[in-house]
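Okay, structure first, notes after.
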Amino acid sequence: MGKESDDAVLEEYPYFWSKGSSIALPDFLTKYKPSMVQNDGTKPWLWVEGSNRNKDTAESDATTAISEAAALLKDVSQRVEEIKNNDSIPMRSSKKTGAKSKKDVREKVQADAAQKLKDISIKHNYVCGKWLIFAPADKVDAIWSKIATSLVSGPLASTCAYLTKVATSPANETPHHQHVICIYIPNVYDKDAVTDVMKVLLRNHGVNLSGVKSDLYTGVGLDSKHLSGIPSTVWKTASLLTDSEIKDLKDAYFSELNVTSTSAAKPDEKKDQPSIAKKKRPIPKRKPQEDDPFASEEEADAQEAEQKQEVQAKRKSGKRFRSSDMDVDADESDKQKTKKKKSTR
């Protein structure tokens, strides 16, 4: 990402978005989702460029920097192997003799190498890098969309972050696959700027951060399994903020998220209420009425008229009824009327 030629390649890449793109960012994010785009060898990443990218900065000499770093890593790997096989170096350190353990000697070599890698980066102006986030396949679309939007027109746009990318899905289904998301920063050795980006990612996005890796490390293939044993990231989260600070920032994010979710749910509840009220309640079946000794003739007549109206309504609806059914209805009505008349006498 340090050379102008890389910029030209990216701008021609169909899965790269910038403000000059013919498609709006929301449409781009909807059209190309990391969980849906499969990497067939031609589309390993989806890219979104932020508003803070400065292409006028001094050109870096990435090729020379990578060459020097590769030679350093080869030398360090050999020294680490020699320490491992050197029987004169004890497994445990001794306060009495002042002897260093194999672990102590090895870590000193690795720490010196990390400093030399920093020197190489600065010398060749190849200091860019990225924050790393690993997202599960079922959440990556939402996380990526929010980060990309934030970089262009949200909280991340106020930081030094200028570019982001997310890995697409593997060609073959992979259980528990994790998508890596990178948020690029111009100088991984600018601790304050790196920390500012970290705070936004925690407070405004609530993500789990893996660490900060320089592009030089990526260029020489320095990962957690490298033979040199040099840490694969320039910064770990604990080197920038305390555990309590990280927790407070994430708690604030999720607390705000819960309040927003609750507020959004209330209007929905109100919208649902009228629809519930409009629903017709089922008409309960009429239970056989017991003889009412206090019923009047007018009430009995009203009941009879209501039953006749029901029979007429059924006829109008086109349903056919047996005459015996109607006779039963009439008989029941007459019986009720007769009983009620007798009871009032």
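These numbers were taken from a predicted model, which means no experiment stands behind them. Because only heavy atoms are used, hydrogens play no part in the values below, and waters and symmetry mates are left out as well, while side chains stay in. All residue numbers in this chain count up from 1 along the given sequence.
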Heavy-atom closest pair (Trp131 atom, Thr237 atom, distance to 0.1 Å) is CZ3-CG2, 4.0 Å

By side-chain hydrogen bond (donor to acceptor under 3.5 Å, both in side chains), Asn86 pairs with (sequence neighbours left out) Ser88

Quick note, side-chain hydrogen bond (donor to acceptor under 3.5 Å, both in side chains) partners involving residues 170-181, not counting sequence neighbours, are none

Give a yes or no answer on whether the side chain of Lys191 reaches the backbone of Leu240 with a donor-acceptor pair at less than 3.5 Å. no

- request: Measure the shortest side-chain to side-chain distance between Val234 and Tyr217 over non-hydrogen atoms and say whether it is less than 4.5 angstrom.
  value: yes

Of all heavy-atom pairs linking Thr149 and Leu25, the shortest is CA-CD2, 4.0 Å

OH (Tyr15) and CZ (Phe28) are apart, to the nearest 0.5 Å, by 9.5 Å

So salt bridge (Lys or Arg N to Asp or Glu O under 4.0 Å) across residues 159-168, not counting sequence neighbours, yields none

The ring pair (Phe, Tyr, Trp, His ring centres under 6.0 Å) partners of Tyr253 (sequence neighbours excluded) come to none

Shortest non-hydrogen pair, Tyr13 vs Thr42, comes out as CE1-O, 3.5 Å

So the side-chain hydrogen bond (donor to acceptor under 3.5 Å, both in side chains) pairs with at least one residue in residues 239-249 (sequence neighbours excluded) are Thr242-Ser244, Thr242-Glu245, Lys247-Asp251

Worksheet entry | Polar contact flag, side-chain donor to acceptor under 3.5 angstrom, Asn258-Ser255 | no

_Show, in sequence, the C-alpha distance, side-chain angles and deciding distance for Thr168 and Val166, and conclude whether the side-chain contact (heavy atoms from CB on, under 4.5 Å) test is met._
CA-CA 6 Å; Thr168 54; Val166 61; over 6 Å; no

Query raised in the report: Under 3.5 Å, is there a donor-acceptor pair linking the side chains of Lys130 and Thr218?
Result: yes

Applied to residues 105-114, the salt bridge (Lys or Arg N to Asp or Glu O under 4.0 Å) test, sequence neighbours excluded, yields Lys103-Glu107, Lys108-Asp112

| query | Are the side chain of Thr164 and the backbone of Ala148 linked by a donor-acceptor contact shorter than 3.5 Å? | reply | no

Heavy-atom closest pair (Leu227 atom, Val80 atom, distance to 0.1 Å) is O-CG1, 4.1 Å

Closest non-hydrogen contact found for Ile120 with Ala65 is CG2-O, 3.6 Å

Those residues at least two apart in sequence (or on a different chain) that pass side chain to side chain contact (heavy atoms under 4.5 Å, CB included) with Lys19 are Trp17, Ser51, Val152

Here the salt bridge (Lys or Arg N to Asp or Glu O under 4.0 Å) pairs for residues 114-127, sequence neighbours left out, are Glu68-Lys123

Tightest non-hydrogen contact, residues Val48 and Leu163, listed as O-CD1, 3.5 Å

The complete set of salt bridge (Lys or Arg N to Asp or Glu O under 4.0 Å) pairs with one or both residues in residues 71-93, sequence neighbours excluded, reads none

- prompt: Mind checking whether Tyr184 and Trp47 have parallel, tilted or perpendicular rings, split at 30° and 60°?
  reply: parallel

Would a distance-only check, ignoring hydrogens and angles, find a side-chain to backbone donor-acceptor pair under 3.5 Å from Thr159 to Leu156? yes

Taken in chain and number order and not counting sequence neighbours, the residues that satisfy side chain to side chain contact (heavy atoms under 4.5 Å, CB included) with Ser121 are Val127, Tyr189, Leu216

Quiz: residues 196-212 side-chain donor-acceptor pairs under 3.5 angstrom, not counting sequence neighbours:
residue : atom : partner : partner atom : Å
Arg203  : NH2  : Glu256  : OE1          : 3.2
His205  : NE2  : Ser150  : OG           : 3.0
Asn208  : OD1  : Lys250  : NZ           : 2.4

### Task
Keeping the roles fixed (side chain from Asp27, backbone from Ile23), state whether a donor-acceptor pair exists under 3.5 Å.
no

Side-chain contact test, heavy atoms from C-beta onward, threshold under 4.5 Å: evaluate it for Ile66 versus Tyr126 and give yes or no. yes

Any side-chain to backbone donor/acceptor pair from Ser67 onto Thr63? Under 3.5 Å, distance only.
no

To the nearest 0.5 Å, atom CD of Gln38 lies from atom CE of Met36 at 9.0 Å

Under 3.5 Å, which donor-acceptor pairs do the side chains of residues 132-143 form with other protein atoms, sequence neighbours left out?
residue : atom : partner : partner atom : Å
Asp141  : OD1  : Ser35   : N            : 3.1
Asp141  : OD1  : Ser35   : OG           : 3.1
Asp141  : OD2  : Ser35   : OG           : 2.4

